[in-house]
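Chain identifiers are assigned alphabetically (A, B, ...) following the order of the sequence lines, protein sequences preceding nucleic acid strands; residue numbering begins at 1 within each chain. No hydrogens, no waters, no symmetry mates; every other heavy atom, side chains included, goes into these values.
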There are 2 protein chains.
Amino acid sequence: MAIKFVILGFLEAESLTGYDLKKRFAASETFHWSGNNNQIYTALVQLYNEGLVNKEVQDQESGPSRKVYSITPEGQTVLRHWLLTPPELPQLRHPFLAQLAWADGLTAVELDNLLSQYENEVYVKLRMAQEQAERDAQQLPRRTPREAFLWRQIGNYWVAFYQHELDWVRRLRAEVIE
Amino acid sequence: MAIKFVILGFLEAESLTGYDLKKRFAASETFHWSGNNNQIYTALVQLYNEGLVNKEVQDQESGPSRKVYSITPEGQTVLRHWLLTPPELPQLRHPFLAQLAWADGLTAVELDNLLSQYENEVYVKLRMAQEQAERDAQQLPRRTPREAFLWRQIGNYWVAFYQHELDWVRRLRAEVIE
DNA sequence: CTCCCCATGTAACACGTTACATGATTTG
DNA sequence: CAAATCATGTAACGTGTTACATGGGGAG
């Protein structure tokens, strides 16, 4: 489970609760686990059982007691080991391409409509990615300049991806009309 | 299950067996179900139960009897309906970005090594996508010129995607060294 | 003699999403 | 007064991957 390593990464910078992690995950597509309760909380239990994180329970007057997790030396070792692991290729799921593959069953107008809808959706996503990147850029100054650089590049990656997608669909739309 | 619609798409062009479909799926990332036995055979059973495909059983002297599936009029209606369905955004899983996010724990050499490995992997993938696109271009002349055009664009999409990825990592690698 | 192709299917597991469950405090 | 935030967790479901199981025929 890659999610475990990512949690260790977050915890190396600072101690966090499950809830904090949930927000971190939700904030970037890079950590695509969509702020998923289920996986985060069970991963934390497993990491704890494996001795890769410590848990500090803070009782509160109201609500469930907070559990603040921090990374252990073993956890740091495991994280470092993962960092040296051979990189995985990205996995792109593109159901719209599958739809296009059979779209010859549509009229010219229907097809243009479909492409236009897609173009709009991508445009919205691109804007969101741009705003996110700008927000991140404000918050940045991370631990080292190199780390800040890497995070900026990652943010830009998503902007570039959606920009590339937008260019692609616009070109396609223009050409299919002719 | 999107796989059902994709199967209907293949069957609209020609009648096929599960095994044939498996090969079709394996041939393109657009149909990302990786030539998956499990999902194809169960989807075919479901499509049959829903009356969207016909099944012609051909007994053979050796091996299991072939089952040739063809689309029914209801299947064609369902397929057409799916084609008009609002497009879905692509979903990109990029574990390497998560790895990079914490890569400040690595030395300059280790990081460059990691990026270099990734560059190579992407390069190989790009070449594969290019060869696939060329092979497809030969086979093409599909049912209509517009369909041939769409398939060419889909093939090019994958080439462009990996090219874009390669450019990104090369630029990153050059900049991180400075 | 081994490996690949044909051709069907099942089982187990891993991963991911959505919804359910609870309940106080703060913000609009 | 409603909604969001804080804070924990569980259950059900859907999707996707890998491995298992069988077995004949042909190519190298």
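Along DNA chain C, the nucleotide closest to B:S65 and the one closest to B:R93 are compared, and the more 5′ of them pairs with B:S65.
Where DNA chain D meets chain B (any atom under 4.0 Å from a heavy atom), the bounding nucleotides read 5' to 3' are D:dT15 to D:dG24.
The CD1 atom of A:I3 sits 10 Å away from the P atom of C:dT17 (whole-angstrom rounding). Counting to the nearest Å, the P atom of C:dC6 and the CD atom of B:Q58 are 15 Å from each other. The distance from atom CZ of A:F25 to atom P of C:dG16 is 11 Å, rounded to the nearest whole Å. Summarising the geometry, the separation between CZ on A:F31 and P on C:dT17 is reported as 16 Å, rounded to the nearest angstrom. Between the OH atom of A:Y19 and the P atom of C:dT25 there is a distance of 16 Å, given to the nearest Å. Atom NZ in A:K22 sits about 18 Å away from atom P in C:dG16, given to the nearest Å. At whole-Å resolution of the value, NZ in B:K23 and C1' in C:dC6 are 8 Å apart.
Cation-pi geometry between B:K55 and B:Y48 is satisfied (NZ or CZ under 6.0 Å from the ring centre, within 45° of the ring normal).
Taken from CG in A:L16 to NZ in A:K67, the straight-line distance is 16.0 Å, to the nearest 0.5 Å. To the nearest 0.5 Å, atoms CZ (A:F96) and CG (A:L114) are separated by 4.5 Å.
Separation of the B:H94 and A:Y157 ring centroids falls under the 6.0 Å cut-off. Between A:F10 and B:W102, the distance from one ring center to the other falls under 6.0 angstrom.
Nearest heavy-atom pair across B:E110 and B:L106 is OE1-CA, 3.5 Å. Heavy-atom minimum distance, A:I7 versus A:A43: CD1-CB, 3.8 Å.
A salt bridge does not link B:D104 to A:R143: none of the charged side-chain nitrogens sits closer than 4.0 Å to a carboxylate oxygen. Contact check on B:R24 versus B:E14 returns a salt bridge, with a Lys/Arg side-chain nitrogen under 4.0 Å from an Asp/Glu carboxylate oxygen.
The stretch residues 36-56 of chain A touches DNA chain C through A:N36, A:N38, A:Q39, each having a heavy atom under 4.0 angstrom from the strand.
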Heteroatom pairs (N/O) under 3.5 angstrom, protein to nucleotides 26-28 of chain C:
none

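Aromatic ring pairs are classed by plane angle as parallel below 30°, tilted from 30° to 60° and perpendicular above 60°; the pair A:W82 and A:F5 is parallel.
Neither A:V124 nor A:L166 shares a network with the other; the hydrophobic side chains, linked directly or stepwise wherever heavy atoms of I, L, V, M, F, W or Y lie under 4.5 Å apart, form separate groups for each.
Within 4.0 Å (heavy atoms only), A:G18 reaches sugar-phosphate atoms of the nucleic acid but no base atom.
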